[in-house]
Each structure stands twice: as C-alpha cells, then as structure tokens.
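Below is one structure, written out as structure tokens; comments come after it.
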Amino acid sequence: MRNRHKFTFIFCCILLDFIAMIGGTAVFLQFAGDAAVAWNTFVINNILLASILTWLLPALYFKLYRLHTIFSLETFYRNSWRVFLSQRILWQCYILLFQGPDEYRLGISANIFQLSFLLCYFLFSRIIFALVLKNIKKWVRKPFTVAIWGFNTTSIELASQLEMNSHFNHFVGILNDASDADYPTKKSFNTALINAIDKAADNQIQELYVVAQPHYIVDLNSYFELADRRCMRLKFVPDFSMISKSSFSSTNLNNFHVIRPRNEPLQDSYNRLLKRVFDIVFSLLVIVLVLSWLYPVLAFIIKKQSKGPVLFKQLRTGKKNASFWCYKFRSMTVNAQSDSLQAQKEDARVTPIGKFIRRTSIDELPQFFNVLLGDMSVVGPRPHMLKHTQDYNDQINNFMVRHFVKPGITGLAQVSGLRGETKKVSDMKRRVKADIEYVQNWSLIKDLKICLLTVIVTLKGDENAF
C-alpha cells in the first residue's frame, strides 16, 4: 500500500472524528443552555479541551488510528465503538465531577441530544469509511503492483493478508505453483528465482515477495542487487511452515529475526506497568472498603469456631516458579494434610464458617495483601501448592507456561467453570489450557471482564466451590 494514500486516509478519519467531537460539544452547550444550567466557570473554559481529550485518550489506548487497525475493518469497527463508549463514560464523569449532581440532572436532555448526534455520526461515518476503502483502488491512478513468488503454506497465508489489505495496491497473486521441494538442487532453485525476478520486472511488478525456506537461498544480496537494477522492490519472507509448533510469534531484535512459541502481551513493559497500576488501585479499594470492617468480624467468628490462626498461609508456586506465602482466611481446622490434599466435597476439615467463606470465595480476600506485596495479581492463573506444581509438571506439557505471569486471585479458568478440585489429570489440562490462553491474549479489558464475571459467578453460586 502506498504510504501517501494510507496516511491521507488516516488523517481524514482523525480530522472528521475530532470535528464530530467539537460538533457534539456545540450541540451539548446549545441544549444545556436551554435547560438553564448554572455552569461552572471551569467547565465552560475547558469543555472543548475535555471533549477532545476524552476521545483522544481512549483512541490512543485502543490504537484506533494505527495502520493495522484502521485497514482491518472488523478491528476498526470494534475499536471505534470501544472508544466511543469510553468517551461517553469519561465525558459523563467530567460533567458530574466538576458540575455537580444537581446541574448534571438538569443537563440530561443535553447529554441525550449530544449522544444522538454522535451516534448518528458514527453510524454513517463508519459506513462511509468502509465504502471508501472498498472503492479507493478504483480512484488510484497507478495502483502499486505486488506479487508473491514461492508456493507454500507461508505464501498462501501472506497472499490472504495482501488480498485483505489491498486497498491501495493491485495484488497479482502467487506467480508460480512449484514448492521448494520441487527443485532438486539449490542451483535449480536459484536459477528459477533469477528468471522469476526478470520476468516480474518485465511484467511491471513493483514489489515482489519471495517466500522460501532460508537454506535454499545461496546469496541473498545478489537477488536484491538484481531487483534494484530492474527498479523493483524485492522482499524475502522466510518460510517456517515446516516448524512443528502449531502457532508461534515472531519479532525482530535489531537485525535478528526471533521466533517465539507464543505471543505474550505481558512481556511488554508498558502492559506490565498498566497491569500493576490496576492491581494496586483495585487492591487498595478492596482493603479499605471491604477488609477494613470484614476482617475483624471474620477473625472473631473463625477464632470462636476452632483453634488456630485467623489467616491460613501456605507456600504456593508463583511467577518464574518462585514460591511465596499465599494468605487466606482459615476455613478448615488445623490439620497435617493442608499442604498435600485439596479440599473435597463434604470435607470434614471445613468449619461451619469455612463452608460459607469458601462457597462465596471470601476466604481469598486476604490475597489482596499478596497483590500489594507484588507476589500476585488480581487476575491470573491460580497458584497451586508446591507438590501439585511438581506432580502436574511431569504429566502435562506446557504446564509451567502458566507461571510466566503472576498468579491471580481469580482467572479465566475460574470464570470458565474450571475451579475447584482436580480429580483427574484431564481436569487440570483444561485449566492449564485456559491459563495459557490468558497468558497469550492478556489485555486490561480482559482483566476487567474476568473481574466482572467473577462477581457474577460468585453471586450465582459455583457448584465447584466447596
């Protein structure tokens, strides 16, 4: 795709969205004025800035105007509505916080008119953007011609990507139907490639992707030089389709191409910081608003019903296979099997108050102190006893992948009905599969969703909670 057209399109999208935000603010002020709202001077002086910032911040967070987002219509639509909903929430918070609840109620009609205006804009603008992208190739005078040489799994996947994103270029297709294996020697392969470069240049191909296994290439520089002389861009894509791993992630480290077995968003320092801030804020809220009064109440009942400490602590496996002391409200009588035997249904060790706090997951609340200490996260794979980690690691492939991130108070497995006792190895395999899915697809939105689902599951009751 030609950068000039791409960035022109992106600039137009950004400009129209910001004009819509300004227009929405004008609509709001018009109808708020009719409602005789006593405006705060700060709100009036900064309302336009607030309107733009409440759109810009979610747009940056959801990467709305990134190339890979805006030219993938499904992703662009999804992220547009995420930004729209986030902007509406931030806008309402701004008005409520600085204007006060009384004036906020008086301005509800203005909010409704503003919402209607912006909603109509987004419905029509996204349809228009889609139509423009669909037809823009017809308006480009000299489309950029792209082709692929090499027939294999990787080239087929690359062709699919180029076809989906060929808004500004003309994708000719795969130029040959012979795979690497069809060439008996490296010499025959390289002769065929040289001929392909010359033929592609003669046919006015401007960019040629060569997809082949690296060991077939004798001298990559010579091919680049040949393409340069023919005024054609040559790009080499290594074919790693023979690698046995079903899915992997690749990246670049300076001039080195790095292949990883999976994508891990929490390898990014920005994502780790974002998750840590969320953990600290969420934990402090729970400790201040809930544990400050619940702790002494439960401490009294627990001590009354059985001898022993209020808190039960146990060594669990944490991030990078490091052990840490995990805290819970004690729900059982003091026993010698606590470090080796999971709780079972109708377990005689569980106290009367223990049955209630285990069923409602209240026994897990002290782990918010673990979160503040940095040993755990609010959301993540549940930490196991050291013995179970050792046992299951010998039986389940990729079991330790779940320890690449901090363990959580709740997790994807828990809200997917996979909590509780694991009687069979297959039960643990399903839990580990969910944990690895979380590691590969982490996002702050996913954490918030899991927290919400945890509350819903707790209120409904989980048959595996005992």
Side-chain angles (χ1 to χ4, degrees), residues 7 9-35 37 39-101 103-130 132-133 270-271 273-275 277-278 281-282 443-449 451-452:
F7 290 115
F9 181 78
I10 292 172
F11 176 76
C12 290
C13 291
I14 296 172
L15 183 62
L16 288 174
D17 285 350
F18 276 85
I19 290 173
M21 287 298 111
I22 295 170
T25 306
V27 171
F28 177 84
L29 288 173
Q30 176 64 41
F31 287 96
D34 295 342
V37 177
W39 283 102
N40 182 305
T41 306
F42 178 85
V43 173
I44 287 292
N45 292 339
N46 296 283
I47 196 165
L48 189 59
L49 178 62
S51 176
I52 293 173
L53 284 178
T54 54
W55 174 260
L56 181 61
L57 293 176
L60 290 173
Y61 176 76
F62 289 109
K63 303 175 182 177
L64 181 61
Y65 301 117
R66 293 282 185 89
L67 287 173
H68 68 274
T69 300
I70 208 165
F71 292 108
S72 172
L73 286 180
E74 182 182 349
T75 306
F76 184 55
Y77 285 154
R78 182 172 61 248
N79 287 8
S80 290
W81 290 112
R82 285 175 175 175
V83 174
F84 177 76
L85 292 174
S86 301
Q87 192 275 338
R88 289 290 80 205
I89 293 170
L90 291 173
W91 173 262
Q92 302 302 326
C93 291
Y94 170 75
I95 299 297
L96 182 62
L97 181 63
F98 293 107
Q99 192 62 36
E103 284 78 9
Y104 177 81
R105 282 194 294 271
L106 290 172
I108 284 179
S109 60
N111 270 314
I112 292 173
F113 280 109
Q114 183 193 32
L115 175 63
S116 301
F117 170 82
L118 292 175
L119 198 57
C120 289
Y121 163 75
F122 274 97
L123 285 172
F124 286 109
S125 67
R126 268 44 190 176
I127 292 172
I128 291 170
F129 289 167
V132 170
L133 279 177
Y270 172 77
N271 288 337
L273 175 62
L274 197 64
K275 186 171 176 64
V277 170
F278 170 74
V281 172
F282 196 96
S443 70
L444 186 59
I445 297 297
K446 184 178 285 290
D447 274 7
L448 292 170
K449 182 180 178 181
C451 288
L452 179 61

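As the structure is a prediction and not an experimental result, all values here were calculated from the model.
For the ring-ring contact (aromatic ring centres under 6.0 Å, His included) test, no residue two or more places apart in sequence or in another chain qualifies with Y61.
Inter-residue side-chain proximity for I95 and F28 is flagged as met; some heavy-atom pair is nearer than 4.5 Å. Side-chain contact check for Q87 versus L90: every heavy-atom pair is 4.5 Å or farther apart.
Between the side chain of S51 and the backbone N or O of M21, at least one donor-acceptor pair lies under 3.5 Å. Of the possible polar contacts, one joining the Y77 side chain to the R126 backbone as a donor-acceptor pair under 3.5 Å is found.
Atom CD1 in I108 sits 12.5 Å away from atom CG in L115 (nearest 0.5 Å). To the nearest 0.5 angstrom, L448 atom CG is 4.5 Å from L444 atom CG. Atom CH2 of W91 and atom OG of S86 lie 15.5 Å apart (nearest 0.5 Å). Separating the CD1 atom in I22 from the CD1 atom in I52 is a distance of 4.5 Å, to the nearest 0.5 Å. Rounding to the nearest 0.5 angstrom, the gap separating the CZ atom in F76 from the SG atom in C13 is 5.0 Å. Of the inter-residue distances, the one linking T25 atom OG1 with Q114 atom CD reads 6.0 Å to the nearest 0.5 angstrom.
Across every non-hydrogen atom of V83 and P58, the tightest pair is CG2-O, 3.7 Å. Contact detail for F42 and Y94: the closest heavy-atom pair is O-OH, 3.9 Å.
Using bins of under 30°, 30° to 60° and over 60° for the plane-to-plane angle, the ring pair W81/F84 lands in the perpendicular bin.
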Identify every side-chain donor-acceptor pair in residues 117-124 under 3.5 Å, counting partners at least two apart or on other chains, and give the distances.
from: Y121; atom 1: OH; to: L16; atom 2: O; distance (Å): 3.2
from: Y121; atom 1: OH; to: D17; atom 2: N; distance (Å): 3.2
from: Y121; atom 1: OH; to: D17; atom 2: OD1; distance (Å): 2.6

